[in-house]
4 protein chains.
Amino acid sequence: MSVQTRGRLIEAAKRVFSKKGYHNAQIAHIIDEAGVARGTFYLYFKSKEEILKELLKEVVEELKERIRVVDLSRDPVEQVVENVERVVEFALEERELARIVLQRNSDPELFRVIDEFFEEIANLIEHSLRLGIDMGIIRECDTSLIARGILGALKEIILSLLDKEGVDTYSVAEEIIELGMRGVWKPAGGESHGGSSGV
Amino acid sequence: MSVQTRGRLIEAAKRVFSKKGYHNAQIAHIIDEAGVARGTFYLYFKSKEEILKELLKEVVEELKERIRVVDLSRDPVEQVVENVERVVEFALEERELARIVLQRNSDPELFRVIDEFFEEIANLIEHSLRLGIDMGIIRECDTSLIARGILGALKEIILSLLDKEGVDTYSVAEEIIELGMRGVWKPAGGESHGGSSGV
Amino acid sequence: MSVQTRGRLIEAAKRVFSKKGYHNAQIAHIIDEAGVARGTFYLYFKSKEEILKELLKEVVEELKERIRVVDLSRDPVEQVVENVERVVEFALEERELARIVLQRNSDPELFRVIDEFFEEIANLIEHSLRLGIDMGIIRECDTSLIARGILGALKEIILSLLDKEGVDTYSVAEEIIELGMRGVWKPAGGESHGGSSGV
Amino acid sequence: MSVQTRGRLIEAAKRVFSKKGYHNAQIAHIIDEAGVARGTFYLYFKSKEEILKELLKEVVEELKERIRVVDLSRDPVEQVVENVERVVEFALEERELARIVLQRNSDPELFRVIDEFFEEIANLIEHSLRLGIDMGIIRECDTSLIARGILGALKEIILSLLDKEGVDTYSVAEEIIELGMRGVWKPAGGESHGGSSGV
DNA sequence: CATGAATGAGACTTCATTCAT
DNA sequence: TATGAATGAAGTCTCATTCAT
């Protein structure tokens, strides 16, 4: 079992799944990309499904490492911005992986790990919102709905960054949090709201 | 060409694609669901791909009808809320279709219509944001990024509603817009921000 | 589901399994022999294993029909001879099937139906032997062993007939029973035995 | 060429072929059982087929050694019983080998050695029968058929013994010969025959 | 002598599509 | 217009064998 060959297969699979999606990806594509023979693939992974799950597990682990619990020693918002920044950084380092994960694939069976991870994140956001409401710093709102919304914003934004080069991760993270915190409205006079938007 | 049979196939395809996703869906499932013979399917649609595209086209048309251009005769935000409400309403009326559309299926070839539609929506949002900034009612921000974020929030929220019953579409629309406009922060004292969140 | 096509596949499978044995037989051989397309095979049988089991089930059913319970209205030995004759007849009518069944295939999983059938026959023979001993017409012996022996003789003889033409089934059946009943020794003088044989 | 390693492979192959049959047996099973590396196998045997043939050759040689030509110095039947006893003994000593050999594997190509051996035995039996007939101690019969029958009985009985412990080989051999010589009928009064049996 | 990673031909099975009825 | 049996290209996976170390 050569770690090298395994690695080449994993990297190849990332590229292929990312480019073609899981269903259109074929073992043939992966082994061509990796430059190994057909049988070699099955020496390391017992099926196409398994290599995907392996990949997804890796992402979840890596992401969990980058998300740190917020403590009270420093400005909590700053810490959240840093969390988001690290996530964005990871997505940009591992664009193929990010693409696989963020393409909500209609296959709950296969993407369970990912779905569960996002569920966790949504719960975490919701919990934080509740805390903020109790502390009087977050306005009353449908926390479940809003948590989903924030997660969705995060995912869509990161997805849109995957094609860009030279992204400033910190300012992206700031924008995301700023959007979640303050929205886009510029409170000039004293109206309850005011912008104009097509949607 | 019986309109009836065609309709049954379309409805069947909605249910099947929604439940299994495009790739796992088989013609066999669709015709079983529709109660027609195998050959009949090909009398109405020349391929599995075609019926999907038909479905997607319908969604896009229906959605475009529900989204009305904002005019200056009334509170623009109110009009945007109504737009969002109509979209939410449609999603809840046609849950299967909504699910198909919102499960970003990693297949750009197949889902081009949808991708293009969302691209349009993102552009519309971005355009509105720019307008708002020029008018001094929207704060300076990375409009492209923020537009994506708002779209993502919208999509994720709607997706999360598809499993719920008895949703109050108007208040959902309000919450969504409120999130986009004002964020979640409750400006109590005078801090620039001050939430606390795990992410 | 055309009964015709199914029949052609069954007949083809018989020929192929008989000639090549189950393991060396390929779906390709069967469909070539049947003159149908690859997919057609799987319309009727869900695997290579299934068509074999179907075949074996048929044999067992047919054989069971040919073996009739011995009653007391007529000479029992005569009835047994007739049973054996009908079995031999069937084997000669369906030589391919017989060959498949009689080639003890080292695959208990696959040939369970057959193994169980032969087990039943062995038990039936053993039971009859016990009865005969009680009635004083069969000599004391290790009934289990002897039952196995008789069954083995039967199988081997039938197998050897499969290559022959113009077999007189009745006299074959008589010879088999004669062997089981009287053995080969010709009690001339009064010796307990007196043959001469290499084995 | 370590004789030891070769021996371990041979023993492993016996166990594996015996348990799984030739076709279901994989090189992987054999080398796992032998505790050697994959490549090592091919140092000693040039293919899976070859190790089987090696095994079969060994059996045939061993069996031929155990079967001694009957001479006229002693009771010939007694000598035949002893031959059979030695064969039974060998089968019980080498149960795996016996199982491989006695499972008529539908693969004439592979099992030619065995088939030829059994052919020889059948001919030997037939020859002895003819001799006996000429000498007036064996009754007139279809010698070819009967020879096959006796061989079949022998094979089936030995096969059935392979799962038993503590077998008395001499009495088994006696029973076998007794069956072949005298059958099972107990000549009480003066009937020509008179058993009763289900088959 | 021994190893075990790599190979690739070849087998099985699926399923969108066709076509004669 | 409807049917459903038949098709076969294409994909997944297995496993005996090779070969560089």
Side-chain angles (χ1 to χ4, degrees), chain A residues 1-6 8-9 23-31 34-51, chain B residues 1-6 9 23-32 34-51, chain C residues 1-6 8-9 23-31 34-51, chain D residues 1-6 9 23-32 34-51:
Chain A
M1 291 293 169
S2 146
V3 180
Q4 234 186 85
T5 305
R6 195 194 136 94
R8 288 171 71 181
L9 280 165
H23 284 288
N24 293 320
Q26 293 170 209
I27 300 293
H29 302 145
I30 298 175
I31 61 175
V36 302
R38 195 155 286 257
T40 306
F41 177 91
Y42 290 92
L43 231 47
Y44 292 90
F45 306 96
K46 77 171 193 292
S47 67
K48 191 171 108 172
E49 197 174 317
E50 213 207 53
I51 197 172
Chain B
M1 285 292 175
S2 149
V3 180
Q4 227 186 85
T5 306
R6 193 193 136 93
L9 280 166
H23 284 288
N24 293 322
Q26 292 170 211
I27 299 292
H29 300 146
I30 297 176
I31 60 174
D32 283 358
V36 302
R38 195 157 279 255
T40 307
F41 178 92
Y42 289 91
L43 242 42
Y44 292 90
F45 306 96
K46 77 170 197 290
S47 70
K48 182 176 148 183
E49 199 174 316
E50 211 204 54
I51 196 172
Chain C
M1 289 293 170
S2 146
V3 180
Q4 231 186 87
T5 306
R6 195 194 135 92
R8 288 172 72 181
L9 280 165
H23 285 287
N24 293 320
Q26 292 169 211
I27 300 292
H29 301 145
I30 297 176
I31 61 175
V36 302
R38 197 155 284 260
T40 305
F41 178 90
Y42 290 92
L43 230 47
Y44 293 89
F45 306 97
K46 75 172 197 292
S47 67
K48 190 172 108 172
E49 197 173 318
E50 214 207 52
I51 197 173
Chain D
M1 288 293 174
S2 149
V3 179
Q4 229 186 86
T5 306
R6 193 194 137 92
L9 280 166
H23 284 287
N24 292 322
Q26 291 170 211
I27 299 293
H29 301 145
I30 297 175
I31 60 174
D32 283 359
V36 302
R38 196 157 279 255
T40 307
F41 178 92
Y42 290 90
L43 242 41
Y44 292 90
F45 306 96
K46 77 170 197 290
S47 69
K48 182 176 147 183
E49 198 174 317
E50 211 205 54
I51 197 172

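As the structure is a prediction and not an experimental result, all values here were calculated from the model. Below, chains carry the letters A, B, ... as their sequence lines are ordered, and counting in each starts from 1.
- Rounded to a whole Å, the NZ atom of A:Lys46 is 15 Å from the P atom of F:dC15.
- For the pair B:Glu49 and C:Lys48, both in contact range of DNA chain E, the more 5′-proximal nearest nucleotide belongs to C:Lys48.
- Atom OH in B:Tyr44 sits 4.0 Å away from atom OG1 in B:Thr5 (nearest 0.5 Å).
- Between its opening and closing five pairs, the helix from E:dA2-F:dT21 to E:dT21-F:dA2 changes axis direction by 10°, a value rounded to 10 degrees.
- As judged by a 4.0 angstrom heavy-atom cut-off over every strand, D:Tyr44 is placed among residues touching the sugar-phosphate backbone only.
- Side-chain proximity of B:Val36 to the nucleotides F:dT12, F:dT3, F:dC13 is greatest for F:dT3.
- Separating the CD1 atom of C:Ile27 from the P atom of F:dA10 is a distance of 21 Å, rounded to the nearest angstrom.
- Residues C:Tyr42 and A:Gly35 both approach DNA chain E. Their nearest nucleotides, taken by heavy-atom distance, put A:Gly35 toward the 5′ side.
- Within the 4.0 angstrom heavy-atom criterion, only backbone atoms of the sugar-phosphate kind lie near A:Ser2; the bases stay farther away.
- Taking every heavy atom of both residues into account, C:Asn24 and C:His29 meet most closely at O-CE1, 3.7 Å.
- Taking the side chain as every heavy atom from C-beta outward, C:Leu9 and C:Val36 approach each other to under 4.5 Å.
- One interatomic measurement links the two molecules: CZ of C:Arg6 to P of F:dA6, which rounds to 13 Å at whole-angstrom precision.
- The CD1-P distance, from B:Ile31 to E:dT17, rounds to 12 Å in whole Å.
- For D:Thr5 and E:dA2, the shortest distance from a side-chain N or O to OP1 or OP2 is below 4.0 Å.
- Shortest non-hydrogen contact noted between B:Ala25 and B:Lys48 is O-NZ, 2.8 Å.
- Nucleotides of DNA chain F nearest to B:Phe41 and A:His23 differ in position, and the one nearer the 5' end is that of B:Phe41.
- For a distance-only test at 3.5 Å, the side chain of C:Arg38 fails to qualify as a donor-acceptor partner of the base of F:dT7.
- D:Asp32 has its CG atom 13 Å from the C1' atom of F:dC15, to the nearest Å.
- Rounded to whole angstrom, the span from the CG atom of A:Leu43 across to the P atom of F:dC13 amounts to 15 Å.
- The side chain to side chain donor-acceptor pair (under 3.5 Å) test applied to C:Arg8 returns no partner, not counting sequence neighbours.
- Between the CE atom of A:Met1 and the P atom of E:dT3 there is a distance of 17 Å, given to the nearest Å.
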